[in-house]
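Okay, so here's the structure we're looking at.
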Amino acid sequence: QVQLVESGGGLVQAGGSLRLSCAASGSPFSINAMGWYRQAPGKQRELVAAFSSGGSTNYGASVKGRFTISRSNAKNTVLLQMNSLKPEDTAVYYCNAPMPTKTGIYNYWGQGTQVTVSS
């Protein structure tokens, strides 16, 4: 059973920066595909940034150029550096790891971490 634990959320003023961390445990293998999604009140969950299984990165259109996803030296840990934060970045940020199973892909999710950007 894979568990994802996020950390690093909080309150920041517009223009500021935050760094989120997600550590995955419970897998004996390296997890290649990991990423971040977010959900604001009344909105659907959306992609923020993610590594594909092949190692490429994908970013949501609204965060390109401001957010950077990277891997930590620690095994199965991904970071999200968020710069030039805007009030519209306010949301709960969830770590995601899509894992292959015998019957398809199973999405593991973290518990979420709140990011609040004040104007």
Side-chain angles (χ1 to χ4, degrees):
Q1 183 78 3
V2 173
Q3 290 187 325
L4 304 177
V5 178
E6 303 109 333
S7 62
L11 173 65
V12 65
Q13 288 188 333
S17 299
L18 282 174
R19 190 176 77 165
L20 305 182
S21 176
C22 173
S25 62
S27 172
F29 309 108
S30 293
I31 302 174
N32 294 324
M34 288 182 69
W36 293 93
Y37 287 73
R38 69 186 182 187
Q39 188 165 19
K43 295 188 177 181
Q44 290 188 332
R45 192 170 295 191
E46 64 176 1
L47 171 70
V48 177
F51 284 106
S52 70
S53 57
S56 61
T57 54
N58 296 305
Y59 290 91
S62 62
V63 307
K64 281 183 179 178
R66 299 187 298 123
F67 292 10
T68 303
I69 190 171
S70 63
R71 296 189 188 274
S72 165
N73 289 332
K75 182 183 176 184
N76 292 338
T77 299
V78 293
L79 308 174
L80 182 69
Q81 179 66 41
M82 305 185 293
N83 298 329
S84 302
L85 283 160
K86 304 175 181 180
E88 50 264 44
D89 294 317
T90 295
V92 178
Y93 284 68
Y94 296 92
C95 184
N96 168 259
M99 301 286 288
T101 69
K102 294 180 181 179
T103 56
I105 299 295
Y106 182 84
N107 278 292
Y108 287 94
W109 295 95
Q111 79 285 357
T113 186
Q114 177 70 46
V115 171
T116 303
V117 184
S118 63
S119 57

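Quick caveat, the model's predicted, so the values are computed rather than measured.
Every pair passing disulfide bond (SG atoms under 2.5 Å apart) that includes a residue from residues 72-119 is listed here, sequence neighbours excluded: C22-C95. Evaluation of the salt bridge (charged side-chain N to carboxylate O under 4.0 Å, His left out) test over residues 46-62, restricted to residues two or more places apart or in two chains, returns R38-E46.
By the neighbour-count criterion of 12 heavy atoms within 6.0 Å, atom CZ of R19 is sparsely surrounded, having that number or fewer from other residues, nucleotides or ligands. More than 12 non-hydrogen atoms from other residues, nucleotides or ligands lie less than 6.0 angstrom from CD of Q114.
In this structure S25 satisfies the side-chain hydrogen bond (donor to acceptor under 3.5 Å, both in side chains) test with no other residue, sequence neighbours excluded. Taking Q81 as the reference, N83 meet the side-chain hydrogen bond (donor to acceptor under 3.5 Å, both in side chains) condition, with sequence neighbours excluded.
Taking hydrophobic clusters as Ile, Leu, Val, Met, Phe, Trp and Tyr residues chained together by side-chain heavy-atom distances below 4.5 Å, V5 does not share a cluster with Y94.
Hydrophobic side-chain contacts under 4.5 Å tie L18 into a cluster, directly or through other members, with V2, L4, V12, L20, I31, M34, W36, V48, F51, Y59, V63, F67, I69, V78, L80, M82, L85, Y93, M99, Y106, Y108, V115, V117. Cluster partners of L11, using a side-chain heavy-atom cutoff of under 4.5 Å among ILVMFWY residues and allowing indirect links: none.
A pairwise comparison of heavy atoms in A14 and S119 identifies CB-CA, 4.4 Å as the closest pair. Of all heavy-atom pairs spanning T77 and S21, the tightest one is CG2-OG, 3.7 Å. Across all their heavy atoms, A91 and A40 have their closest contact at CB-N, 3.8 Å. Looking at every heavy atom in both residues, P98 comes nearest to N107 through CB-OD1, 3.4 Å.
Note that the CG atom of L79 and the OG atom of S72 stand 5.0 Å from one another [nearest 0.5 Å]. With rounding to the nearest 0.5 angstrom, the CZ atom of R71 is 6.0 Å from the CG atom of N32.
Of the possible polar contacts, one joining the E6 side chain to the Q111 backbone as a donor-acceptor pair under 3.5 Å is found.
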